[in-house]
Amino acid sequence: MKYTQGKFIITKKSAVGQNIYSYTISCPEVSSIAVPGQFVHIRAEGHTLRRPISICGIDPGRTIRIVFEIRGEGTAAIARLNEGDLIDMIAPLGKGFTVNDDFKKVILVGGGIGTPPMLSLAEVYGSRAAVICGFRSCNAAILQEDLKKTGAQLILCTDDGSAGVHGFVTDPLAELLEKETPDAVYACGPMPMLRSVAELCGKNVFCEISLEERMACGIGACLGCACRIDRNGEEHFAHVCKDGPVFNAREVIR
Amino acid sequence: MADLSVNICGIDLKNPVIPASGVFGYGREYEEFYPLSELGGIATKGTTLNKRTGNLSPRIAETPGGMLNSVGLQNPGIDHFIETELPYLLKKDTVIIANIAGSTPEECAAVAEKLDSTDVHMIELNISCPNVKQGGAAFGTDCTTASEVTRHVRRSTKKPLIVKLSPNVTSITEIAKAVEAAGADALSLINTLLGMRIDIDTMRPVLRNNVGGLSGPAVFPVAVRMVWQTANAVNIPVIGMGGITTGRDAVEMMMAGAAAVQVGAAVFEDPYAPVRIAAEMNEFLDSRNISSVRDIIGAVKPW
(Lines give C-alpha, C1' and ligand atoms only; values in the text may rest on other atoms or scores of the structure.)
Protein backbone atom coordinates (compact mmCIF):
# COMPACT_ATOMS: atom_id res chain seq x y z
CA MET A 1 0.00 0.00 0.00
CA LYS A 2 1.41 3.35 -1.06
CA TYR A 3 -0.09 6.52 0.39
CA THR A 4 0.72 10.09 1.16
CA GLN A 5 -0.51 12.89 3.40
CA GLY A 6 -0.97 16.34 1.97
CA LYS A 7 -3.20 19.31 1.30
CA PHE A 8 -4.97 19.32 -2.04
CA ILE A 9 -7.11 21.89 -3.82
CA ILE A 10 -10.85 21.35 -4.12
CA THR A 11 -11.57 22.25 -7.74
CA LYS A 12 -15.30 21.62 -7.71
CA LYS A 13 -17.92 21.41 -4.98
CA SER A 14 -21.59 20.62 -5.47
CA ALA A 15 -24.51 19.47 -3.41
CA VAL A 16 -25.81 16.16 -4.76
CA GLY A 17 -28.54 15.60 -2.20
CA GLN A 18 -29.76 16.75 1.16
CA ASN A 19 -26.62 17.15 3.31
CA ILE A 20 -24.65 15.23 0.67
CA TYR A 21 -21.71 16.93 -1.03
CA SER A 22 -19.43 16.15 -3.92
CA TYR A 23 -15.82 17.36 -4.04
CA THR A 24 -13.51 17.05 -6.99
CA ILE A 25 -9.96 17.25 -5.68
CA SER A 26 -6.84 17.96 -7.70
CA CYS A 27 -4.28 15.30 -6.71
CA PRO A 28 -2.24 13.98 -9.67
CA GLU A 29 -0.18 11.46 -7.69
CA VAL A 30 -3.04 10.09 -5.60
CA SER A 31 -5.35 9.77 -8.60
CA SER A 32 -2.73 7.94 -10.65
CA ILE A 33 -2.50 5.08 -8.13
CA ALA A 34 -6.02 5.04 -6.63
CA VAL A 35 -8.39 2.17 -7.48
CA PRO A 36 -12.18 1.84 -7.01
CA GLY A 37 -13.09 0.89 -3.44
CA GLN A 38 -10.20 2.70 -1.80
CA PHE A 39 -10.80 5.62 0.54
CA VAL A 40 -9.27 8.90 1.65
CA HIS A 41 -8.79 9.92 5.29
CA ILE A 42 -9.74 13.56 5.71
CA ARG A 43 -8.74 15.95 8.48
CA ALA A 44 -11.73 17.67 10.04
CA GLU A 45 -10.80 21.07 11.47
CA GLY A 46 -10.88 21.00 15.27
CA HIS A 47 -11.24 17.22 15.53
CA THR A 48 -8.90 14.58 16.92
CA LEU A 49 -9.84 11.97 14.35
CA ARG A 50 -9.88 12.12 10.55
CA ARG A 51 -12.95 10.91 8.66
CA PRO A 52 -12.67 8.04 6.15
CA ILE A 53 -14.56 8.72 2.91
CA SER A 54 -14.71 6.39 -0.06
CA ILE A 55 -13.49 7.40 -3.48
CA CYS A 56 -16.35 7.94 -5.92
CA GLY A 57 -14.47 8.82 -9.10
CA ILE A 58 -10.93 8.65 -10.41
CA ASP A 59 -9.47 10.68 -13.27
CA PRO A 60 -5.95 9.19 -13.34
CA GLY A 61 -3.18 11.78 -13.16
CA ARG A 62 -5.65 14.56 -12.45
CA THR A 63 -8.38 14.32 -9.85
CA ILE A 64 -10.40 12.15 -7.55
CA ARG A 65 -13.99 12.73 -6.57
CA ILE A 66 -15.58 12.05 -3.20
CA VAL A 67 -19.25 12.16 -2.25
CA PHE A 68 -20.11 12.19 1.44
CA GLU A 69 -23.01 12.82 3.77
CA ILE A 70 -22.95 15.05 6.84
CA ARG A 71 -23.34 12.54 9.66
CA GLY A 72 -22.00 14.59 12.57
CA GLU A 73 -19.71 17.43 13.54
CA GLY A 74 -16.64 16.04 11.78
CA THR A 75 -18.27 15.64 8.38
CA ALA A 76 -19.99 19.00 8.91
CA ALA A 77 -16.56 20.61 9.37
CA ILE A 78 -15.34 18.97 6.14
CA ALA A 79 -18.48 20.15 4.33
CA ARG A 80 -17.64 23.77 5.22
CA LEU A 81 -14.69 23.62 2.79
CA ASN A 82 -15.31 25.34 -0.54
CA GLU A 83 -13.92 25.38 -4.05
CA GLY A 84 -10.36 26.66 -3.94
CA ASP A 85 -9.83 25.54 -0.33
CA LEU A 86 -7.24 22.98 0.64
CA ILE A 87 -8.39 19.60 1.91
CA ASP A 88 -5.96 17.67 4.11
CA MET A 89 -6.02 13.98 3.33
CA ILE A 90 -4.07 10.76 3.68
CA ALA A 91 -4.66 8.88 0.44
CA PRO A 92 -5.24 6.56 -1.25
CA LEU A 93 -5.90 4.05 1.52
CA GLY A 94 -7.10 0.50 1.87
CA LYS A 95 -7.64 -2.44 -0.40
CA GLY A 96 -10.06 -1.69 -3.23
CA PHE A 97 -12.31 -3.89 -5.35
CA THR A 98 -10.87 -6.61 -7.59
CA VAL A 99 -11.26 -5.15 -11.06
CA ASN A 100 -10.82 -7.60 -13.92
CA ASP A 101 -10.85 -6.60 -17.60
CA ASP A 102 -12.00 -10.09 -18.55
CA PHE A 103 -15.24 -9.81 -16.57
CA LYS A 104 -18.11 -9.68 -19.07
CA LYS A 105 -20.99 -9.11 -16.67
CA VAL A 106 -20.90 -7.57 -13.22
CA ILE A 107 -23.58 -6.36 -10.81
CA LEU A 108 -23.01 -3.33 -8.60
CA VAL A 109 -25.22 -2.88 -5.56
CA GLY A 110 -25.28 0.43 -3.68
CA GLY A 111 -27.42 1.23 -0.68
CA GLY A 112 -27.88 4.90 0.21
CA ILE A 113 -24.57 6.62 0.89
CA GLY A 114 -22.91 3.31 -0.12
CA THR A 115 -23.62 4.27 -3.74
CA PRO A 116 -20.60 6.56 -4.42
CA PRO A 117 -17.93 3.81 -4.64
CA MET A 118 -20.19 1.99 -7.13
CA LEU A 119 -19.86 4.93 -9.53
CA SER A 120 -16.08 4.46 -9.81
CA LEU A 121 -16.69 0.79 -10.64
CA ALA A 122 -19.43 1.64 -13.16
CA GLU A 123 -16.98 3.94 -14.90
CA VAL A 124 -14.62 0.99 -15.32
CA TYR A 125 -17.17 -1.58 -16.46
CA GLY A 126 -19.57 0.65 -18.44
CA SER A 127 -22.20 -1.36 -20.29
CA ARG A 128 -20.89 -4.61 -18.79
CA ALA A 129 -22.36 -3.49 -15.45
CA ALA A 130 -25.85 -3.56 -14.03
CA VAL A 131 -26.17 -1.11 -11.14
CA ILE A 132 -28.84 -1.62 -8.51
CA CYS A 133 -29.25 1.36 -6.17
CA GLY A 134 -31.50 1.52 -3.16
CA PHE A 135 -32.63 4.64 -1.31
CA ARG A 136 -35.26 5.51 1.31
CA SER A 137 -37.21 7.56 -1.17
CA CYS A 138 -37.09 9.40 -4.49
CA ASN A 139 -35.53 12.54 -3.00
CA ALA A 140 -32.76 10.59 -1.27
CA ALA A 141 -31.55 9.15 -4.56
CA ILE A 142 -28.08 10.35 -5.60
CA LEU A 143 -25.71 10.00 -8.57
CA GLN A 144 -28.36 8.58 -10.93
CA GLU A 145 -27.34 10.88 -13.82
CA ASP A 146 -23.64 10.08 -13.32
CA LEU A 147 -24.38 6.37 -13.29
CA LYS A 148 -26.50 6.67 -16.45
CA LYS A 149 -23.60 8.31 -18.29
CA THR A 150 -21.38 5.27 -17.72
CA GLY A 151 -23.61 3.19 -19.99
CA ALA A 152 -24.42 0.73 -17.22
CA GLN A 153 -27.89 -0.76 -16.91
CA LEU A 154 -29.53 1.11 -14.04
CA ILE A 155 -32.10 -0.20 -11.59
CA LEU A 156 -33.39 2.23 -8.97
CA CYS A 157 -35.21 0.97 -5.87
CA THR A 158 -36.89 2.98 -3.14
CA ASP A 159 -38.13 1.76 0.21
CA ASP A 160 -41.35 3.80 -0.14
CA GLY A 161 -41.93 3.24 -3.83
CA SER A 162 -41.66 6.95 -4.68
CA ALA A 163 -39.33 6.13 -7.58
CA GLY A 164 -38.27 3.00 -9.45
CA VAL A 165 -38.89 -0.42 -7.95
CA HIS A 166 -40.82 -0.43 -4.68
CA GLY A 167 -38.66 -2.46 -2.29
CA PHE A 168 -35.12 -3.43 -1.43
CA VAL A 169 -32.15 -3.93 -3.78
CA THR A 170 -32.20 -7.65 -3.04
CA ASP A 171 -35.35 -8.29 -5.12
CA PRO A 172 -33.88 -7.13 -8.48
CA LEU A 173 -30.55 -8.70 -7.49
CA ALA A 174 -32.22 -12.08 -7.00
CA GLU A 175 -33.92 -11.73 -10.42
CA LEU A 176 -30.65 -10.89 -12.18
CA LEU A 177 -28.83 -13.74 -10.45
CA GLU A 178 -31.54 -16.13 -11.57
CA LYS A 179 -31.16 -15.07 -15.23
CA GLU A 180 -27.41 -15.49 -15.40
CA THR A 181 -24.43 -15.86 -13.12
CA PRO A 182 -22.32 -12.69 -13.25
CA ASP A 183 -18.53 -12.69 -13.04
CA ALA A 184 -18.76 -10.54 -9.93
CA VAL A 185 -21.14 -8.79 -7.57
CA TYR A 186 -19.80 -5.70 -5.76
CA ALA A 187 -21.72 -4.06 -2.93
CA CYS A 188 -21.52 -1.16 -0.51
CA GLY A 189 -24.22 -0.05 1.90
CA PRO A 190 -25.76 -0.78 5.29
CA MET A 191 -24.72 -4.04 6.96
CA PRO A 192 -28.17 -5.73 6.73
CA MET A 193 -28.12 -5.09 2.97
CA LEU A 194 -24.58 -6.45 2.64
CA ARG A 195 -25.57 -9.54 4.58
CA SER A 196 -28.52 -10.17 2.26
CA VAL A 197 -26.37 -9.60 -0.84
CA ALA A 198 -23.74 -12.01 0.46
CA GLU A 199 -26.44 -14.62 1.17
CA LEU A 200 -27.91 -14.33 -2.32
CA CYS A 201 -24.47 -14.72 -3.88
CA GLY A 202 -23.77 -17.76 -1.76
CA LYS A 203 -20.78 -19.86 -2.63
CA ASN A 204 -21.04 -19.75 -6.41
CA VAL A 205 -20.91 -16.04 -7.16
CA PHE A 206 -17.75 -13.99 -6.59
CA CYS A 207 -18.89 -11.20 -4.29
CA GLU A 208 -16.97 -8.33 -2.74
CA ILE A 209 -18.41 -5.99 -0.12
CA SER A 210 -17.10 -2.70 1.22
CA LEU A 211 -17.36 -2.25 4.98
CA GLU A 212 -17.48 0.81 7.19
CA GLU A 213 -16.04 1.05 10.69
CA ARG A 214 -14.97 3.78 13.11
CA MET A 215 -11.32 4.37 12.48
CA ALA A 216 -8.39 6.32 13.93
CA CYS A 217 -5.08 6.01 12.04
CA GLY A 218 -6.49 4.76 8.71
CA ILE A 219 -3.26 2.93 7.81
CA GLY A 220 -3.28 -0.25 9.88
CA ALA A 221 -1.25 0.83 12.91
CA CYS A 222 -3.74 1.47 15.71
CA LEU A 223 -5.97 -1.59 15.18
CA GLY A 224 -9.08 0.44 15.96
CA CYS A 225 -11.29 -0.66 13.05
CA ALA A 226 -11.49 -4.40 13.65
CA CYS A 227 -13.85 -6.70 11.77
CA ARG A 228 -14.28 -10.43 12.22
CA ILE A 229 -13.01 -12.48 9.32
CA ASP A 230 -13.01 -16.18 8.61
CA ARG A 231 -9.94 -16.95 6.55
CA ASN A 232 -9.23 -20.60 5.76
CA GLY A 233 -11.48 -21.73 8.58
CA GLU A 234 -9.71 -19.61 11.17
CA GLU A 235 -11.48 -16.67 12.76
CA HIS A 236 -9.51 -13.51 13.32
CA PHE A 237 -9.78 -9.74 13.44
CA ALA A 238 -8.89 -8.00 10.22
CA HIS A 239 -8.77 -4.23 9.94
CA VAL A 240 -11.13 -2.31 7.70
CA CYS A 241 -8.53 0.38 6.89
CA LYS A 242 -5.73 -1.88 5.68
CA ASP A 243 -7.13 -5.36 4.99
CA GLY A 244 -10.31 -3.72 3.62
CA PRO A 245 -12.51 -1.77 3.29
CA VAL A 246 -13.27 -4.30 0.52
CA PHE A 247 -13.52 -7.92 1.62
CA ASN A 248 -14.62 -11.10 -0.04
CA ALA A 249 -18.20 -11.47 1.21
CA ARG A 250 -17.62 -15.09 2.23
CA GLU A 251 -14.89 -14.06 4.71
CA VAL A 252 -16.85 -11.52 6.71
CA ILE A 253 -18.51 -12.72 9.92
CA ARG A 254 -21.31 -10.54 11.26
CA MET B 1 19.79 24.56 16.56
CA ALA B 2 19.37 23.52 20.19
CA ASP B 3 20.63 20.19 21.48
CA LEU B 4 17.51 18.01 21.64
CA SER B 5 19.22 14.87 22.87
CA VAL B 6 18.27 13.33 26.18
CA ASN B 7 19.43 10.30 28.11
CA ILE B 8 17.05 7.93 29.86
CA CYS B 9 18.58 5.18 32.02
CA GLY B 10 21.84 5.33 30.07
CA ILE B 11 20.15 5.19 26.67
CA ASP B 12 20.76 8.18 24.37
CA LEU B 13 17.77 9.52 22.44
CA LYS B 14 18.50 12.00 19.64
CA ASN B 15 15.40 13.94 20.61
CA PRO B 16 12.87 13.53 23.43
CA VAL B 17 9.84 12.69 21.26
CA ILE B 18 8.62 9.08 21.14
CA PRO B 19 5.40 7.85 19.49
CA ALA B 20 3.41 6.22 22.28
CA SER B 21 2.58 2.55 22.38
CA GLY B 22 -0.62 1.62 20.57
CA VAL B 23 -0.85 4.42 18.04
CA PHE B 24 2.20 3.48 16.01
CA GLY B 25 1.91 -0.29 15.56
CA TYR B 26 5.42 -1.60 14.98
CA GLY B 27 6.38 1.47 12.96
CA ARG B 28 6.02 0.12 9.42
CA GLU B 29 2.91 2.12 8.50
CA TYR B 30 4.55 5.43 9.39
CA GLU B 31 7.71 4.80 7.44
CA GLU B 32 5.59 5.65 4.39
CA PHE B 33 5.65 9.26 5.71
CA TYR B 34 9.20 9.75 7.09
CA PRO B 35 12.30 7.80 8.08
CA LEU B 36 11.84 6.33 11.55
CA SER B 37 15.38 7.53 12.34
CA GLU B 38 13.93 11.02 12.81
CA LEU B 39 12.20 9.83 15.98
CA GLY B 40 13.74 9.93 19.45
CA GLY B 41 12.43 6.41 19.92
CA ILE B 42 9.43 4.21 19.28
CA ALA B 43 7.24 2.61 21.94
CA THR B 44 5.88 -0.42 20.13
CA LYS B 45 2.36 -1.84 20.29
CA GLY B 46 1.70 -3.58 23.61
CA THR B 47 2.72 -7.20 23.23
CA THR B 48 1.74 -10.18 25.35
CA LEU B 49 3.10 -13.71 25.69
CA ASN B 50 0.53 -15.20 23.33
CA LYS B 51 -1.40 -13.72 20.46
CA ARG B 52 -4.48 -11.75 21.53
CA THR B 53 -7.46 -11.07 19.26
CA GLY B 54 -8.65 -7.97 21.10
CA ASN B 55 -12.14 -6.56 21.60
CA LEU B 56 -15.13 -6.43 19.28
CA SER B 57 -15.85 -3.24 17.29
CA PRO B 58 -16.54 -0.39 17.68
CA ARG B 59 -13.22 0.10 19.42
CA ILE B 60 -12.91 3.82 18.70
CA ALA B 61 -15.03 6.90 19.37
CA GLU B 62 -14.26 10.57 19.08
CA THR B 63 -15.04 12.75 22.10
CA PRO B 64 -14.68 16.52 22.65
CA GLY B 65 -10.96 17.24 22.47
CA GLY B 66 -10.01 13.60 22.29
CA MET B 67 -11.07 10.03 21.78
CA LEU B 68 -11.95 6.79 23.52
CA ASN B 69 -10.42 3.46 22.56
CA SER B 70 -10.82 -0.12 23.64
CA VAL B 71 -8.64 -2.15 21.29
CA GLY B 72 -8.09 -4.72 24.01
CA LEU B 73 -4.39 -5.38 23.45
CA GLN B 74 -4.76 -7.07 20.07
CA ASN B 75 -1.25 -8.25 19.18
CA PRO B 76 0.50 -11.17 17.49
CA GLY B 77 2.41 -12.33 20.60
CA ILE B 78 6.00 -11.81 21.72
CA ASP B 79 7.56 -14.53 19.55
CA HIS B 80 6.21 -12.91 16.39
CA PHE B 81 7.45 -9.53 17.64
CA ILE B 82 10.95 -10.86 18.26
CA GLU B 83 11.17 -12.81 15.01
CA THR B 84 9.46 -10.45 12.58
CA GLU B 85 9.08 -6.92 13.93
CA LEU B 86 12.09 -6.33 16.16
CA PRO B 87 14.83 -7.11 13.59
CA TYR B 88 13.19 -4.63 11.21
CA LEU B 89 12.88 -1.95 13.90
CA LEU B 90 16.46 -2.38 15.13
CA LYS B 91 17.73 -1.36 11.67
CA LYS B 92 15.97 2.00 11.89
CA ASP B 93 18.54 3.93 13.93
CA THR B 94 16.17 4.89 16.72
CA VAL B 95 15.61 3.70 20.27
CA ILE B 96 13.20 0.77 20.40
CA ILE B 97 11.08 0.51 23.52
CA ALA B 98 9.15 -2.76 23.64
CA ASN B 99 5.84 -2.23 25.41
CA ILE B 100 4.72 -5.41 27.16
CA ALA B 101 1.63 -6.48 29.06
CA GLY B 102 0.14 -9.58 30.61
CA SER B 103 -2.66 -10.93 32.74
CA THR B 104 -0.40 -12.16 35.53
CA PRO B 105 3.00 -11.12 36.96
CA GLU B 106 4.39 -14.42 35.66
CA GLU B 107 3.22 -13.72 32.12
CA CYS B 108 4.76 -10.23 32.16
CA ALA B 109 8.01 -11.69 33.46
CA ALA B 110 8.02 -14.37 30.75
CA VAL B 111 7.60 -11.74 28.04
CA ALA B 112 10.41 -9.64 29.51
CA GLU B 113 12.65 -12.68 29.75
CA LYS B 114 12.21 -13.40 26.03
CA LEU B 115 13.16 -9.78 25.26
CA ASP B 116 16.16 -9.88 27.57
CA SER B 117 18.20 -11.90 25.07
CA THR B 118 17.37 -9.55 22.16
CA ASP B 119 18.93 -6.22 21.23
CA VAL B 120 15.82 -4.21 22.14
CA HIS B 121 16.90 -1.04 23.93
CA MET B 122 14.29 -0.70 26.65
CA ILE B 123 11.19 -2.41 28.01
CA GLU B 124 8.06 -0.51 28.96
CA LEU B 125 5.79 -2.54 31.23
CA ASN B 126 2.14 -1.63 30.85
CA ILE B 127 0.48 -2.10 34.21
CA SER B 128 -2.33 0.23 33.33
CA CYS B 129 -4.22 -0.91 30.27
CA PRO B 130 -7.84 -0.51 31.35
CA ASN B 131 -9.28 -2.71 28.64
CA VAL B 132 -8.35 -6.17 29.71
CA LYS B 133 -10.77 -7.80 32.07
CA GLN B 134 -8.19 -9.93 33.82
CA GLY B 135 -5.25 -8.07 35.31
CA GLY B 136 -4.30 -4.86 33.54
CA ALA B 137 -6.12 -2.27 35.56
CA ALA B 138 -5.81 -4.34 38.71
CA PHE B 139 -1.98 -4.20 38.73
CA GLY B 140 -1.72 -0.51 38.13
CA THR B 141 -4.32 0.72 40.56
CA ASP B 142 -2.97 -0.94 43.70
CA CYS B 143 0.48 -0.41 45.26
CA THR B 144 0.91 -4.05 46.25
CA THR B 145 0.08 -5.56 42.84
CA ALA B 146 1.96 -2.78 41.02
CA SER B 147 5.14 -3.52 42.93
CA GLU B 148 4.62 -7.29 42.66
CA VAL B 149 4.45 -7.25 38.86
CA THR B 150 7.35 -4.79 38.67
CA ARG B 151 9.46 -7.05 40.89
CA HIS B 152 8.69 -10.10 38.74
CA VAL B 153 9.67 -8.32 35.54
CA ARG B 154 12.73 -6.73 37.17
CA ARG B 155 14.05 -10.15 38.09
CA SER B 156 13.65 -11.46 34.54
CA THR B 157 15.53 -8.75 32.63
CA LYS B 158 18.57 -6.50 32.83
CA LYS B 159 17.16 -4.17 30.19
CA PRO B 160 16.26 -0.66 31.32
CA LEU B 161 12.73 -1.06 32.68
CA ILE B 162 10.12 1.67 32.29
CA VAL B 163 6.85 1.09 34.11
CA LYS B 164 3.86 2.81 32.51
CA LEU B 165 1.40 4.06 35.11
CA SER B 166 -2.37 4.33 35.08
CA PRO B 167 -3.93 7.67 35.99
CA ASN B 168 -7.01 5.85 37.30
CA VAL B 169 -5.73 5.89 40.88
CA THR B 170 -6.32 7.87 44.05
CA SER B 171 -2.65 8.77 44.53
CA ILE B 172 -0.27 8.60 41.58
CA THR B 173 2.72 9.31 43.82
CA GLU B 174 2.06 6.32 46.09
CA ILE B 175 2.00 3.96 43.08
CA ALA B 176 5.06 5.67 41.59
CA LYS B 177 7.06 5.25 44.78
CA ALA B 178 5.99 1.61 45.14
CA VAL B 179 7.06 0.82 41.58
CA GLU B 180 10.38 2.68 42.04
CA ALA B 181 11.07 0.65 45.19
CA ALA B 182 10.29 -2.55 43.26
CA GLY B 183 13.08 -1.87 40.79
CA ALA B 184 11.74 0.29 37.95
CA ASP B 185 14.44 2.30 36.16
CA ALA B 186 11.96 4.89 34.85
CA LEU B 187 8.27 5.68 34.81
CA SER B 188 6.00 6.71 31.97
CA LEU B 189 2.62 8.34 32.42
CA ILE B 190 -0.20 8.84 31.88
CA ASN B 191 -1.93 5.95 30.21
CA THR B 192 -5.54 6.65 29.20
CA LEU B 193 -8.22 7.78 31.63
CA LEU B 194 -11.10 5.33 31.86
CA GLY B 195 -14.17 6.81 30.20
CA MET B 196 -17.54 6.04 28.66
CA ARG B 197 -20.03 7.55 26.21
CA ILE B 198 -23.59 6.44 25.50
CA ASP B 199 -25.55 6.87 22.27
CA ILE B 200 -28.81 8.21 23.67
CA ASP B 201 -30.79 7.17 20.58
CA THR B 202 -29.87 3.49 20.81
CA MET B 203 -29.18 3.59 24.58
CA ARG B 204 -26.00 1.64 23.82
CA PRO B 205 -22.48 2.58 24.91
CA VAL B 206 -20.59 3.84 21.85
CA LEU B 207 -17.81 1.33 22.48
CA ARG B 208 -18.57 -2.39 22.21
CA ASN B 209 -16.53 -2.86 25.38
CA ASN B 210 -18.82 -0.30 27.11
CA VAL B 211 -15.85 1.56 28.58
CA GLY B 212 -12.50 2.60 27.16
CA GLY B 213 -9.47 4.81 27.54
CA LEU B 214 -9.70 8.56 27.01
CA SER B 215 -6.77 10.30 25.33
CA GLY B 216 -6.07 13.42 23.33
CA PRO B 217 -5.78 17.12 24.24
CA ALA B 218 -8.66 16.79 26.73
CA VAL B 219 -6.42 14.85 29.15
CA PHE B 220 -3.34 17.09 28.83
CA PRO B 221 -3.83 19.13 32.03
CA VAL B 222 -4.37 15.94 34.03
CA ALA B 223 -1.18 14.51 32.54
CA VAL B 224 0.89 17.61 33.31
CA ARG B 225 -0.33 17.59 36.90
CA MET B 226 0.43 13.89 37.41
CA VAL B 227 3.86 14.12 35.78
CA TRP B 228 4.72 17.11 37.97
CA GLN B 229 3.61 15.33 41.15
CA THR B 230 5.38 12.12 40.19
CA ALA B 231 8.64 13.75 39.11
CA ASN B 232 8.75 15.44 42.52
CA ALA B 233 8.10 12.18 44.36
CA VAL B 234 10.63 9.80 42.78
CA ASN B 235 14.34 9.78 41.92
CA ILE B 236 14.05 8.01 38.55
CA PRO B 237 13.31 9.60 35.16
CA VAL B 238 9.70 10.22 34.20
CA ILE B 239 8.51 10.08 30.59
CA GLY B 240 5.47 12.33 30.18
CA MET B 241 2.53 11.72 27.90
CA GLY B 242 -1.16 12.45 27.57
CA GLY B 243 -2.61 14.82 25.01
CA ILE B 244 0.64 16.33 23.69
CA THR B 245 -0.14 17.87 20.29
CA THR B 246 2.40 20.65 19.79
CA GLY B 247 6.02 21.44 20.57
CA ARG B 248 4.82 23.89 23.20
CA ASP B 249 2.85 21.09 24.90
CA ALA B 250 6.01 18.96 24.91
CA VAL B 251 8.03 21.82 26.42
CA GLU B 252 5.35 22.24 29.09
CA MET B 253 5.42 18.53 29.90
CA MET B 254 9.21 18.60 30.25
CA MET B 255 9.06 21.71 32.44
CA ALA B 256 6.68 19.71 34.67
CA GLY B 257 9.51 17.23 35.12
CA ALA B 258 9.43 14.84 32.16
CA ALA B 259 12.83 13.72 30.83
CA ALA B 260 11.22 12.77 27.50
CA VAL B 261 7.71 12.73 26.05
CA GLN B 262 5.47 10.32 24.20
CA VAL B 263 2.93 11.37 21.60
CA GLY B 264 -0.22 9.33 21.15
CA ALA B 265 -3.55 10.44 19.72
CA ALA B 266 -1.96 13.43 17.95
CA VAL B 267 -0.56 11.14 15.23
CA PHE B 268 -4.10 10.37 14.05
CA GLU B 269 -4.77 13.94 13.00
CA ASP B 270 -1.18 14.52 11.90
CA PRO B 271 0.93 11.45 11.16
CA TYR B 272 3.98 13.75 11.18
CA ALA B 273 3.19 14.90 14.75
CA PRO B 274 6.26 13.39 16.50
CA VAL B 275 8.65 14.87 13.93
CA ARG B 276 6.83 18.22 13.88
CA ILE B 277 6.77 18.40 17.68
CA ALA B 278 10.55 17.89 17.87
CA ALA B 279 11.05 20.68 15.31
CA GLU B 280 8.69 22.99 17.20
CA MET B 281 10.55 22.27 20.46
CA ASN B 282 13.75 23.29 18.74
CA GLU B 283 12.14 26.55 17.58
CA PHE B 284 11.01 27.33 21.11
CA LEU B 285 14.44 26.62 22.60
CA ASP B 286 16.20 28.71 19.94
CA SER B 287 13.80 31.60 20.47
CA ARG B 288 14.69 31.57 24.19
CA ASN B 289 18.41 30.98 23.62
CA ILE B 290 18.23 27.73 25.56
CA SER B 291 21.04 25.54 24.27
CA SER B 292 19.82 22.13 25.48
CA VAL B 293 16.38 20.64 25.96
CA ARG B 294 17.77 19.04 29.11
CA ASP B 295 17.80 22.50 30.71
CA ILE B 296 14.01 22.68 30.74
CA ILE B 297 13.41 19.36 32.51
CA GLY B 298 11.60 20.20 35.75
CA ALA B 299 12.20 23.91 35.17
CA VAL B 300 8.71 24.94 36.25
CA LYS B 301 8.75 27.55 39.02
CA PRO B 302 5.76 26.59 41.17
CA TRP B 303 4.01 29.31 43.14
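Scope of the values below: all heavy atoms of this structure, side chains included, with no hydrogens, waters or symmetry mates. These numbers were taken from a predicted model, which means no experiment stands behind them. Each chain gets a letter, A, B and so on, in the order the sequences are listed, and its residues count up from 1.
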Heavy-atom distance under 4.5 Å to chain A: side chain of Pro271(B), backbone, both or neither? side chain

Find the distance between SG (Cys225(A)) and CZ (Arg59(B)) and round it off to the nearest 0.5 Å. 8.5 Å

Proximal component of Phe33(B), with respect to chain A [non-hydrogen, under 4.5 Å]: side chain

Does Phe206(A) have more than 12 heavy atoms from other residues, nucleotides or ligands lying within 6.0 Å of its CZ? yes

Backbone of His236(A) reached by a side-chain donor or acceptor of Thr53(B) within 3.5 Å: no

Sort Pro64(B) into side chain, backbone, both or neither according to what part of it lies under 4.5 angstrom from a heavy atom of chain A. neither

Can you see which heavy atom on Ala226(A) is nearest to which on Ser57(B), and at what distance? O-OG, 2.5 Å

Nearest 0.5 Å, what's the SG-CD1 distance between Cys222(A) and Ile60(B)? 5.0 Å

Measuring heavy-atom distances to chain A, does Tyr26(B) have an atom under 4.5 Å in its side chain, in its backbone, in both, or in neither? neither

Quick check: under 4.5 Å, non-hydrogen atoms only, which of residues 28-48 of chain A neighbour chain B? Arg43(A), His47(A), Thr48(A)

CG of Asp88(A) to CG of Asp270(B): how many Å apart, nearest 0.5 Å? 7.5 Å

What's the separation between atom OG1 in Thr4(A) and atom CD in Glu32(B), rounded to the nearest 0.5 Å? 8.5 Å

Above 12 or not: heavy atoms from other molecules or residues under 6.0 Å from CG of Leu90(B)? yes

Is atom CD of Glu235(A) surrounded by more than 12 heavy atoms (other residues, nucleotides or ligands) closer than 6.0 Å? yes

To the nearest 0.5 Å, tell me how far Arg228(A) CZ sits from Leu56(B) CG. 6.0 Å

Select one option (side chain, backbone, both, neither) describing which atoms of Val267(B) are under 4.5 Å from chain A's heavy atoms. neither

Reported CZ-to-SG distance for the pair Phe24(B) and Cys217(A), which is rounded to 0.5 angstrom: 10.5 Å

Where is the tightest heavy-atom contact between Leu49(A) and Ala61(B), given as atom of each residue plus distance? CD1-C, 4.4 Å

State whether Phe237(A) and Arg52(B) meet the cation-pi test: NZ (Lys) or CZ (Arg) under 6.0 Å from the six-membered ring centroid, and within 45° of the perpendicular axis. no

Give the C-alpha distance, both sets of side-chain angles, the deciding distance and a yes or no for salt bridge (Lys or Arg N to Asp or Glu O under 4.0 Å) between Arg51(A) and Glu62(B). CA-CA 11 Å; Arg51(A) 298 297 190 269; Glu62(B) 193 177 65; 2.7 Å; yes

Non-hydrogen side-chain atoms of Glu213(A) and Pro58(B) separated by less than 4.5 Å: yes

Take a 6.0 Å sphere around CD of Glu31(B) and say whether it holds more than 12 heavy atoms from other residues, nucleotides or ligands. yes

Tell me, side chain or backbone of Lys242(A) under 4.5 Å from chain B's heavy atoms, or both, or neither? side chain

Using a 4.5 angstrom heavy-atom cutoff, name the option from Arg28(B), Glu29(B), Met67(B) with the most pairs to chain A. Glu29(B)

Could you tell me whether the side chain of Phe268(B) reaches within less than 4.5 Å of the side chain of Arg50(A), counting heavy atoms only? no

Tell me, yes or no, whether the heavy-atom count around Arg208(B) atom CZ, taken from other residues, nucleotides or ligands under 6.0 Å, exceeds 12. no

Would you please go through residues 81-89 of chain B and name the residues with a non-hydrogen atom below 4.5 Å from one of chain A, in numerical order? none

Could you check if a side-chain atom of Gln74(B) sits within less than 4.5 angstrom of a side-chain atom of His239(A), using non-hydrogen atoms only? yes

Is the CZ atom of Arg248(B) crowded by more than 12 outside heavy atoms at less than 6.0 Å? no

